[in-house]
Each structure stands twice: as C-alpha cells, then as structure tokens.
Amino acid sequence: MSLSRRTARRSVRALGVTAASAALALGAAGYAFADDIDLFSASASCVGGKGVITVTDKDPSGAVAEVTVFLENNNADVRQVGDQPQEVKGTAKGATISFAEDWEPNAVYRIHIKSGEVNKDIEPFLTAPAKACKADDAATPSSTPSGTPSATASASPSESADTESPAPSEPSAGGEDTPAPAGNDVQPAAQQSNLAETGASSNTGLIVGVAALLVVLGGGAVFFGLRRRGSGDR
C-alpha cells in the first residue's frame, strides 16, 4: 500500500472522530440546556385588573416542560393553581405561559418544572407584590345615580302638600258631618248650665211677683183717684 493511501485513510478516520466528538458535544450541550432549572423564571403581575402568574422558559433546545403552580403557606401546599398543569416549549428568546390567579399581597407560590431529567422547583419561591390588583376605573359603576336628586325633589312637594291638607272629618251616625267646636266658642247648653249654676233662673219668680204687686198697687191708686174725683164733681 502506498504512502498516499495510508495518509488518506488516517485523514478520514481523524475527520470521523472529530465529527462524532462534535455530535456528542452538541447532544450533551442540548441535554444540559434541557436539564438547567435556571432557564425557567416566574413572576406575578396584574392584567386588566386581575392577577396573573407568568412562567417563562428560555430553553433553546425546545424541550417541552410541564409547569405546575401551588399556593404555599408555611412551606406547605395549600392548593394547586388551575385545574391541571400547563405545558410550555422553550425558545432562546423565551416562551411564556400564564395562570389566572387572584393573588393576595405577599402571597407565596411554588412553581414546579418537569422536563426530561428536570423535576425541580424554581428557587426561590415566587412572592406576589405587596399591592393587590385594582380593577379599572371605567368598569366601576357610579355609586350615586344621576336621577336620584330629581326624584327626591319631585317627591318633596307632594309630600308637603299631603302634610298641609286638613284631614276630612268623619260623618256622624246620622250621616251629617259634625264640625269641631272652636276653642273659645260657648255652646247654648253650656250657657244654660252656667246660668243654672249662678242662680239666675231662681230669681225669676221673685221678679214676676214684685211686678204683679206693683201693677195691683198702681191700679188701686188709679181707681181710688178716679173715685175721689167723681165725688168732688158732685
């Protein structure tokens, strides 16, 4: 075998070994990306006045990761956020998924990542902001309707009119209205009773007797005067 052929074979073998080494290196690099928990991050924010937890995957290998979020209390799971875990396929720029969660201020969440050989939590745990989400002002209804003042104003005159109008008197048993007596008016029956109490009616007989006696005396005086005059004429 000539020297040139041996040299060519050695060159081909060297190239094959180099290519294989490069392939193994790339494969190992991709696996390393998929196994790195530091490529995942999480944040809590507000979207449209509602709480949202967002998880970002910057794995350039494009491996699919399963993400589960738990609400924590004293390092214990209280409940899972959402009905089931969500999947995300990483990119070099970062792929994101969101969990709707009405988080409270300073609430703590554990985000668990499962992808290939990765089965870890993002550390440290996620802590929600100290200020809760606020709904949009445009969505908040007005507490005082504009029609209230006019309705109150229109109702006031009618109520005052009803208050000032006198109540009608109830009919008596005979079907006629009985007017209420005035405060200073004195009824005839009351006058008679007052006269009876003062004794004015008891002096009537004495007055009549004195008047009759005076009439008799006057008549007798006239009679005797006429008689004496007649005797003088004779």
Side-chain angles (χ1 to χ4, degrees), residues 1-140:
M1 184 179 292
S2 63
L3 181 61
S4 59
R5 290 183 178 179
R6 290 180 181 178
T7 304
R9 289 181 179 178
R10 289 178 182 177
S11 300
V12 171
R13 290 178 181 175
L15 291 174
V17 171
T18 303
S21 299
L24 290 174
L26 291 175
Y31 180 79
F33 282 128
D35 190 34
D36 194 352
I37 191 65
D38 294 335
L39 297 174
F40 298 87
S41 61
S43 63
S45 60
C46 299
V47 177
K50 296 182 179 180
V52 173
I53 294 178
T54 304
V55 179
T56 303
D57 181 4
K58 291 186 177 181
D59 181 7
S61 67
V64 177
E66 183 181 87
V67 183
T68 311
V69 180
F70 299 92
L71 174 64
E72 294 291 293
N73 186 13
N74 294 327
N75 294 324
D77 294 345
V78 176
R79 60 177 173 82
Q80 178 178 326
V81 177
D83 297 334
Q84 57 187 1
Q86 296 189 33
E87 291 185 349
V88 58
K89 187 177 182 179
T91 62
K93 293 183 178 180
T96 61
I97 55 174
S98 298
F99 293 81
E101 170 67 359
D102 188 15
W103 46 262
E104 296 182 357
N106 299 321
V108 178
Y109 292 89
R110 179 173 69 91
I111 292 87
H112 186 76
I113 305 297
K114 186 177 181 181
S115 175
E117 297 298 326
V118 177
N119 192 6
K120 299 179 181 179
D121 298 330
I122 297 178
E123 294 183 355
F125 288 174
L126 172 65
T127 301
K131 186 176 181 181
C133 298
K134 178 184 284 187
D136 296 339
D137 295 336
T140 304

Using distance only, find each side-chain donor-acceptor pair of residues 40-51 under 3.5 Å and give its atom names and separation, not counting sequence neighbours.
none

Over all atoms of both residues, closest heavy-atom pair of [X] and [Y]:
X: P60; Y: L39; value: CD-CD1, 4.3 Å
X: Y109; Y: W103; value: OH-CB, 3.2 Å
X: N106; Y: A130; value: OD1-CA, 3.5 Å

Interatomic distance, [X] atom [atom1] to [Y] atom [atom2] [nearest 0.5 angstrom]:
X: I53; Y: L126; atom1: CD1; atom2: CG; answer: 5.5 Å
X: T68; Y: Q84; atom1: OG1; atom2: CD; answer: 10.0 Å
X: I122; Y: I113; atom1: CD1; atom2: CD1; answer: 4.0 Å
X: D36; Y: D38; atom1: CG; atom2: CG; answer: 4.5 Å
X: R79; Y: E101; atom1: CZ; atom2: CD; answer: 4.0 Å
X: K58; Y: T96; atom1: NZ; atom2: OG1; answer: 11.0 Å

List the residues meeting side chain to side chain contact (heavy atoms under 4.5 Å, CB included) with [X], not counting sequence neighbours, and say none if there are none.
X: Q86; result: I97, F99
X: T127; result: V108
X: A95; result: V88, T91

Can you pull the disulfide bond (SG atoms under 2.5 Å apart) pairs that have at least one residue in residues 63-109, sequence neighbours excluded?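 Residue pairs with at least one partner in residues 63-109: there are none.
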
Is any side-chain heavy atom of H112 closer than 4.5 Å to a side-chain heavy atom of N119?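 When only atoms from C-beta onward are counted, N119 and H112 do touch, with a gap below 4.5 Å.
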
For the pair N74 (side chain) and A76 (backbone), establish whether a donor and an acceptor sit closer than 3.5 Å, ignoring hydrogens and angles.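 The answer is no, because no donor-acceptor pair under 3.5 Å joins these two groups.
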
Do the side chain of S115 and the main chain of V64 share a donor and acceptor less than 3.5 angstrom apart?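 It does hold such a pair.
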
Holding to side-chain hydrogen bond (donor to acceptor under 3.5 Å, both in side chains), I want the full list of residues that pass it with D77, two or more places apart in sequence or in another chain.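 Partners of D77 under the side-chain hydrogen bond (donor to acceptor under 3.5 Å, both in side chains) test: R110.
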
